[in-house]
**Q** 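Dropping a structure here in structure tokens format, bear with me for questions.
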There are 2 protein chains.
Amino acid sequence: MGLTKTEYFTDKQNAIATMAKALGHPARIAILEYLLKVDTCICGDIVNELPLAQPTISQHLKELKSAGLIKGSIEGTSICYCIDEKGLEKMQNYFATISLKLNKKNNKCC
Amino acid sequence: MGLTKTEYFTDKQNAIATMAKALGHPARIAILEYLLKVDTCICGDIVNELPLAQPTISQHLKELKSAGLIKGSIEGTSICYCIDEKGLEKMQNYFATISLKLNKKNNKCC
DNA sequence: TTATTATATTGCAATATTACGATATATAAA
DNA sequence: TTTATATATCGTAATATTGCAATATAATAA
């Protein structure tokens with residue numbers, strides 16, 4: 001037990017859940033918003049910006065990356081992280097579709 | 001340790017993270033999509049629909065409810081759950097805003 | 001009142017997440 | 001090569017999540 005039963009759900013459901021889970025921590029929301037705000041995007045900047053230790057931030061960046069929400073490329077000694085537009089587009093599309101369906105449907109049963 | 005440091009982040013960041021976290025499980029995505037699909041929305045239906053035990057589903061419903069993503073009202077012996085449009089609108093707005101900012105910005109540094 | 005039915009809560013085992021110190025790695029500068 | 005700088009990984013403690021059997025609660029039916 002304590003193990004999510006991913007095999008019982010569709011790939012799409014699992015994919016959305018994985019991305020949502022990656023955004024389910026305020027530090028990772030803060031990282032996303034910081035990357036959106038700045039032009040230069042180096043990991044060190046994020047460490048200075050957030051009140052968390054460097055290994056913790058590195059871990060959060062890894063999670064955002066593996067969820068397809070950010071990308072990172074080596075830039076000399078440092079690493080340039082930036083938003084992965086594809087991942088965010090998927091989230092945007094998902095919620096836009098849900099909202100559209102919700103509007104079509106007369107959600108007045110409760 | 002092991003405790004999320006919510007006090008270091010803004011209320012808005014925490015609010016989005018809380019809702020994203022609630023959607024960070026495929027069963028909860030499946031519940032949302034089921035509520036969107038059906039007209040009648042009784043907890044028992046969800047228990048029949050998903051391959052999880054009744055207490056597990058009850059727990060997932062509780063999480064979605066406390067995150068403001070669904071609402072529940074007593075309907076005789078059973079409970080009528082349905083989508084909370086306000087919560088989903090917040091998520092939709094958030095990702096729409098992010099996408100808009102991303103388009104304005106020339107995200108070409110990586 | 002006594003079933004019956006529907007949902008919630010409790011308790012617990014298995015697993016995952018969060019955070020960080022210590023350390024490793026890898027590039028650039030001296 | 002040695003040193004400095006930037007980021008990643010390891011190991012680990014504290015806490016949270018997932019899932020379910022057992023049980024509680026609460027409304028209706030008999």
Side-chain angles (χ1 to χ4, degrees), chain A residues 1-9 13-14 17-31 34-35 40-67 70-82 110, chain B residues 1-9 13-14 17-31 34-35 40-67 70-82 110:
Chain A
M1 287 149 219
L3 178 70
T4 295
K5 297 190 166 178
T6 51
E7 69 275 17
Y8 290 162
F9 305 99
Q13 285 169 340
N14 281 309
T18 297
M19 285 195 285
K21 192 176 183 180
L23 293 172
H25 191 290
R28 295 194 289 266
I29 291 289
I31 288 171
Y34 183 69
L35 290 180
T40 58
C41 45
I42 308 297
C43 179
D45 294 357
I46 303 169
V47 173
N48 293 332
E49 186 78 2
L50 300 186
L52 293 171
Q54 179 267 322
T56 307
I57 292 182
S58 187
Q59 197 173 277
H60 283 309
L61 287 166
K62 195 179 174 185
E63 275 177 73
L64 284 169
K65 195 177 172 187
S66 77
I70 65 172
K71 292 180 288 185
S73 57
I74 297 165
E75 197 90 6
T77 323
S78 54
I79 294 195
C80 176
Y81 275 111
C82 61
C110 299
Chain B
M1 288 152 217
L3 179 68
T4 297
K5 298 189 166 178
T6 51
E7 70 275 16
Y8 291 161
F9 305 99
Q13 286 169 339
N14 282 309
T18 297
M19 286 196 285
K21 192 176 182 178
L23 294 172
H25 191 290
R28 295 194 288 267
I29 292 289
I31 289 171
Y34 182 69
L35 290 180
T40 59
C41 44
I42 308 298
C43 179
D45 295 358
I46 302 169
V47 172
N48 293 332
E49 186 79 3
L50 300 186
L52 292 171
Q54 178 267 323
T56 307
I57 291 181
S58 187
Q59 196 175 279
H60 283 309
L61 287 166
K62 194 178 174 185
E63 276 176 74
L64 284 169
K65 195 177 172 187
S66 77
I70 66 173
K71 292 180 291 186
S73 57
I74 297 166
E75 196 90 6
T77 324
S78 54
I79 293 192
C80 175
Y81 277 111
C82 62
C110 298

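Within every chain, numbering begins at 1; the chains are lettered A, B, ... in the order of the sequence lines, protein sequences first and strands thereafter.
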**Q** Over all strands shown, is A/Ser58 touching base, sugar-phosphate only, or nothing at heavy-atom distances under 4.0 angstrom?
**A**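 Contact class for A/Ser58: base.
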**Q** Assign B/Ile57 to base, sugar-phosphate, or nothing according to its heavy-atom contacts below 4.0 angstrom with the strands shown.
**A** nothing
**Q** Which part of the nucleic acid does B/Lys65 contact within heavy-atom distance under 4.0 Å: base, sugar-phosphate only, or nothing?
**A** nothing
**Q** Does B/Gln54 reach a base, just sugar-phosphate, or nothing at all? Heavy atoms under 4.0 Å.
**A** base
**Q** Looking at B/Lys21, does any N or O in its side chain come under 4.0 Å of the phosphate oxygens OP1/OP2 on D/dA16?
**A**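 For D/dA16, neither OP1 nor OP2 has a side-chain N or O of B/Lys21 closer than 4.0 Å.
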**Q** Nearest to the side chain of B/Ala53, heavy atoms from C-beta on, is which of C/dT18, C/dT7, D/dC20?
**A** D/dC20
**Q** Specify the residue among B/Gly76 and A/Tyr8 whose closest nucleotide of DNA chain D lies further upstream toward the 5′ end.
**A** A/Tyr8
**Q** Tell me whether B/Thr18 contacts the main-chain N or O of B/Asn14 through its side chain, where contact means a donor paired with an acceptor under 3.5 Å.
**A** yes
**Q** With a 4.0 Å cut-off on heavy atoms, is B/Thr77 in touch with a base, just the backbone sugar-phosphate, or nothing at all?
**A**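 Base, at least one base heavy atom under 4.0 Å.
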**Q** Measure CD/A/Glu7 against C1'/D/dG19 and give the value in whole Å, please.
**A**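 Taking CD of A/Glu7 and C1' of D/dG19, I get 12 Å after rounding.
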**Q** Side chain of A/Pro55, heavy atoms from C-beta onward: which of C/dC20, C/dT18, C/dA8 has the nearest atom to it?
**A**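 Selected nucleotide: C/dC20.
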**Q** Find which nucleotide of DNA chain C each of A/His25 and B/Thr56 is nearest to by heavy atoms, and output the residue with the more 5' nucleotide.
**A** B/Thr56
**Q** Between C/dT7, D/dA22, D/dT18, which nucleotide has the shortest distance from any of its atoms to the side chain of B/Ile42?
**A**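 Given the options C/dT7, D/dA22, D/dT18, the side chain of B/Ile42 is closest to C/dT7.
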**Q** For A/Lys62 and D/dT7, is the shortest distance between a side-chain N/O and OP1 or OP2 below 4.0 Å?
**A** no
**Q** Please check the phosphate of D/dT17 (OP1 and OP2 only) for any side-chain N or O of B/His60 closer than 4.0 Å.
**A**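 For D/dT17, OP1/OP2 do not have a side-chain N/O of B/His60 under 4.0 Å.
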**Q** Under 4.0 Å between a side-chain N/O of A/Tyr81 and OP1 or OP2 of D/dA8, yes or no?
**A**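 For A/Tyr81, the contact criterion (side-chain N or O under 4.0 Å from OP1 or OP2 of D/dA8) is met.
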**Q** Aromatic rings A/His25 and B/Phe9: how do their planes relate, parallel, tilted or perpendicular, breaks at 30° and 60°?
**A** perpendicular
**Q** Toward the 5' end of DNA chain C, which comes first, A/Ile74 or A/Gln59, by nearest nucleotide?
**A**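 Final value for this comparison: A/Gln59.
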